[in-house]
> 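The structure's right below; bear with me while I get my questions together.
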Amino acid sequence: TLTQAEKAAVVTIWAKVATQADAIGAESLERLFSSYPQTKTYFPHFDLSQGSAQLRAHGSKVMNAIGEAVKNIDDIRGALAKLSELHAYILRVDPVNFRLLSHCILCSVAARYPSDFTPEAHAAWDKFLSSVSSVLTEKYR
Ligand code: HEM
């Protein structure tokens, strides 16, 4: 669980990220698919070329879900319950991929807000994204 200070750090950076959520979402997916091309196998039905409409729309959905988790930081499990079932039962995404996407989201946030991305903010966001990933993969067990 996140400490009060970590929650505050997540909320503070989210306020900035939210203003550019679509661009950050798309960039995170571009980083995911170019650094870890095996993740593309989950999206055979997508046009994954850089800047494609599907990639941008999906990046926007992912960041929306992150925003819901930030708003419900004390009940991430409740906020993402439906998404958790989707990823586990329907999409069957291997849990290792959540680490990869989390890393790419971190990189995109860091690249855009370098001076806000202090070691403390980094650690708080890492922990937050790992909570989100745990919720989205816990139904597998
Ligand atoms: C769909 C969020 C991780 C693969 C979705 C949707 C959201 C979402 C909001 C749309 C659900 C809907 O349309 O109702 C997230 C979040 C993640 C995450 C917040 C972690 C931070 C992953 C990972 C993969 C993945 C790691 C695989 C590499 C997919 C696929 C779809 C999907 C294949 C369906 C796309 C489509 O056909 O429209 N995800 N996701 N997700 N996600 Fe994730």
Side-chain angles (χ1 to χ4, degrees), residues 1-114 116-141:
T1 41
L2 283 83
T3 64
Q4 289 306 322
E6 287 165 342
K7 289 178 194 172
V10 169
V11 168
T12 302
I13 295 213
W14 174 256
K16 296 202 174 185
V17 170
T19 66
Q20 308 217 35
D22 291 4
I24 292 174
E27 182 179 319
S28 301
L29 292 174
E30 278 166 22
R31 289 179 187 272
L32 180 74
F33 298 138
S34 54
S35 294
Y36 312 107
Q38 71 274 20
T39 57
K40 293 196 278 188
T41 56
Y42 293 100
F43 298 89
H45 52 308
F46 269 44
D47 167 10
L48 294 181
S49 54
Q50 197 175 337
S52 84
Q54 276 177 316
L55 196 132
R56 286 186 292 120
H58 191 65
S60 165
K61 286 186 196 172
V62 170
M63 293 311 285
N64 252 325
I66 300 287
E68 282 306 306
V70 175
K71 272 178 231 152
N72 297 281
I73 201 155
D74 291 317
D75 182 24
I76 297 176
R77 179 170 291 121
L80 301 184
K82 280 208 166 133
L83 266 191
S84 177
E85 298 199 347
L86 179 76
H87 285 80
Y89 302 139
I90 297 171
L91 300 171
R92 298 175 182 280
V93 175
D94 189 307
V96 297
N97 295 296
F98 286 83
R99 278 187 173 279
L100 304 179
L101 177 58
S102 295
H103 173 71
C104 291
I105 293 172
L106 271 188
C107 291
S108 304
V109 172
R112 207 162 289 246
Y113 304 107
D116 295 293
F117 205 74
T118 60
E120 292 75 21
H122 180 161
W125 265 80
D126 186 71
K127 206 165 162 187
F128 166 71
L129 290 173
S130 126
S131 301
V132 168
S133 298
S134 303
V135 164
L136 293 184
T137 55
E138 71 185 358
K139 296 273 160 59
Y140 292 77
R141 287 182 219 127

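In this chain, numbering begins with 1 at the start of the sequence shown. Numbering of ligands and ligand atoms starts at 1, following listing order.
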> What atoms in ligand 1 come closer than 4.0 Å to a heavy atom of His45?
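Taking each heavy atom of His45 in turn, ligand 1 has 36 (C), 37 (O) under 4.0 Å.
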> Below 4.5 Å, heavy atoms only, C-beta onward: do Leu55 and Phe43 meet side chain to side chain?
no
> Can you name the atoms of ligand 1, numbered from 1 with element, that are less than 4.0 Å from a heavy atom of Asn97?
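Selected atoms, number and element: 26 (C), 28 (C).
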> Measuring from Ile13:CD1 to Phe117:CZ, what's the distance to the nearest 0.5 Å?
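The CZ atom of Phe117 is 6.5 Å from CD1 of Ile13, to the nearest 0.5 Å.
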> For residues 120-131, which residue pairs qualify under salt bridge (Lys or Arg N to Asp or Glu O under 4.0 Å), counting only residues two or more places apart or in two chains?
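Non-adjacent pairs meeting salt bridge (Lys or Arg N to Asp or Glu O under 4.0 Å): Glu6-Lys127.
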> Please tabulate, for the side chains in residues 57-68, all donor-acceptor contacts under 3.5 angstrom to protein atoms that are two or more places apart in sequence or on a different chain.
{"unit_1": "Ser60", "atom_1": "OG", "unit_2": "Asp22", "atom_2": "OD1", "d": "3.3"}
{"unit_1": "Glu68", "atom_1": "OE2", "unit_2": "Lys71", "atom_2": "NZ", "d": "3.2"}

> Tell me, with the steps shown, if Val70 and Val11 meet side-chain contact (heavy atoms from CB on, under 4.5 Å).
CA-CA 6 Å; Val70 175; Val11 168; 4.1 Å; yes
> May I ask which of Phe33, Tyr36, Phe43, Tyr42 has a heavy atom nearer to atom 30 (C) of ligand 1 than the others do?
Phe43
> Can you find a pair of side-chain heavy atoms, one from Phe98 and one from Val132, that are under 4.5 Å apart?
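No, every pair of side-chain atoms sits at 4.5 Å or beyond.
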> How many angstroms lie between atom NZ of Lys16 and atom CD1 of Ile24, to the nearest 0.5 angstrom?
11.0 Å
> Table please: side-chain donor-acceptor pairs of residues 78-95 below 3.5 Å, with sequence neighbours left out.
{"unit_1": "Ser84", "atom_1": "OG", "unit_2": "Val135", "atom_2": "O", "d": "2.8"}
{"unit_1": "His87", "atom_1": "ND1", "unit_2": "Leu83", "atom_2": "O", "d": "2.9"}
{"unit_1": "Asp94", "atom_1": "OD1", "unit_2": "Val96", "atom_2": "N", "d": "3.0"}

> Protein N, O or S atoms at less than 2.8 Å from atom 43 (Fe) of ligand 1, how many?
1
> Could you identify the single nearest non-hydrogen protein atom to atom 3 (C) of ligand 1 and state the distance to 0.1 Å?
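That would be Phe98 CE2, 3.3 Å.
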